[in-house]
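Note that the numbering runs from 1 along the sequence shown for the chain.
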Amino acid sequence: MTQNIQEQNIKQIIPYKSLRKLATMADMGAALDRWMVKTGLQTLKRMHLEQPEANIIIPQSASSLHNREYPRWLDRQSSREDVSIRGLIIPFRLSQIAKNLKLSSECISGLHQLEINTMIDSFTTHPAALKILKAMGSRYMHERGPGTAQGK
């Protein structure tokens, strides 16, 4: 019976974009971020048992990016879950970073101090984007593909 329930859950995977849209409409963006981190850390812990160098990307929203307490909260979560943050990559959208460079820099710097890698998502080759990439010191970036609409 458990296997049957698990199979049903697999068939009901909801794409991240849809979850994010629903969370934003319901003013639950921060709650979705917290749930994703907790679930992602548990997954990373299991992954590290078989593959110690495994990475996991856990997208986060402006709610986390612009929250001064976010790096400390994330550190407490990894301690609580007893999981190494090695291999954790937190992406933030370029447009979210650009909205408040000071808060974004504080958050990203705080994550880097914890040795958590960050990614700039929806990246473009615009000169301002290149300056942001350099200023944030993110190790990874994901370029927006051709034909995709720029994020809000």
> When you check the side-chain N and O atoms of Asp121 and His142, is any donor under 3.5 Å from an acceptor?
Replying inline: yes
> For Arg68 and Leu103, what are the C-alpha separation, side-chain angles and deciding distance, and is it a side-chain contact (heavy atoms from CB on, under 4.5 Å)?
Replying inline: CA-CA 7 Å; Arg68 284 187 168 90; Leu103 275 178; 3.4 Å; yes
> Are Leu19 and Leu41 co-members of a hydrophobic cluster defined by side-chain heavy atoms under 4.5 Å apart?
Replying inline: yes
>> Treating His48 as the side-chain partner and Val83 as the backbone partner, does any N or O pair qualify as donor plus acceptor under 3.5 Å?
In response: no
> Can you list every pair that meets side chain to side chain donor-acceptor pair (under 3.5 Å) and has a residue in residues 126-141, with sequence neighbours left out?
Replying inline: Thr118-Ser138
> Closest heavy-atom contact between Leu133 and Met141?
Replying inline: CD1-CB, 4.4 Å
> SG/Cys107 to NZ/Lys102 distance, rounded to the nearest 0.5 angstrom?
Replying inline: 13.0 Å
>> More than 12 heavy atoms of other residues, nucleotides or ligands under 6.0 Å from CE of Met119: yes or no?
In response: yes
> About how many Å separate OG of Ser104 and CZ of Arg93, when rounded to the nearest 0.5 Å?
Replying inline: 12.5 Å
>> Between Ile58 and Ile89, does the side-chain contact (heavy atoms from CB on, under 4.5 Å) criterion hold? Intermediate values first, please.
In response: CA-CA 6 Å; Ile58 304 174; Ile89 303 170; over 6 Å; no
>> On a heavy-atom basis, which atom in Ile97 and which in Ile120 lie closest, and how many Å separate them?
In response: CD1-CG1, 3.8 Å
> Are more than 12 heavy atoms from other residues, nucleotides or ligands located less than 6.0 Å from atom CH2 of Trp35?
Replying inline: no
>> Show the nearest heavy-atom pair for residues Ser61 and Gly29, with the distance to one decimal.
In response: OG-O, 4.1 Å
> Roughly how far apart are Ser78 OG and Leu88 CG, rounded to 0.5 Å?
Replying inline: 8.5 Å
>> Between Leu111 and Asn117, is there a side-chain heavy-atom distance shorter than 4.5 Å?
In response: no
> Can you tell me how far CH2 of Trp73 sits from CZ of Arg34, rounded to the nearest 0.5 angstrom?
Replying inline: 7.0 Å
> Just by distance, do the side chain of Arg86 and the backbone of Pro52 share a donor-acceptor pair under 3.5 Å?
Replying inline: yes
> If you measure from CE on Met136 to CG on Leu101, what distance do you get to the nearest 0.5 Å?
Replying inline: 5.0 Å
> Looking at Ala23 and Leu32, what are the two nearest heavy atoms and their distance?
Replying inline: CB-CD2, 3.8 Å
> Taking the side chain as C-beta and beyond, is there a heavy-atom pair between Tyr70 and Asp75 under 4.5 Å?
Replying inline: no
> Is there a side-chain contact (heavy atoms from CB on, under 4.5 Å) between Ile108 and Leu65 once you walk through the steps?
Replying inline: CA-CA 8 Å; Ile108 290 173; Leu65 179 65; 4.2 Å; yes
>> Using side-chain heavy atoms (C-beta onward) and a distance below 4.5 Å, is Leu74 in contact with Val37?
In response: yes
>> When you compare the side chains of Asp33 and Ser64, does any donor N or O come within less than 3.5 Å of an acceptor on the partner?
In response: yes
> In the single-linkage hydrophobic clustering (I, L, V, M, F, W, Y; side-chain heavy atoms under 4.5 Å), do Ile90 and Met47 co-cluster?
Replying inline: yes
>> Testing the basics here: between Met36 and Tyr16, what is the closest heavy-atom pair and its distance to 0.1 Å?
In response: SD-CE1, 3.5 Å
> With a 4.5 Å heavy-atom cut-off, do Arg20 and Lys17 have their side chains touching?
Replying inline: no
> Can you name the closest pair of heavy atoms from Pro91 and Ile57 and give their distance?
Replying inline: CG-CG2, 3.4 Å
> Rounded to the nearest 0.5 Å, how far does CD1 of Ile56 lie from CD1 of Ile85?
Replying inline: 14.0 Å
>> Between Lys45 and Glu81 (side chain of the first, backbone of the second, donor and acceptor by atom type, cut-off under 3.5 Å), is there such a pair?
In response: yes
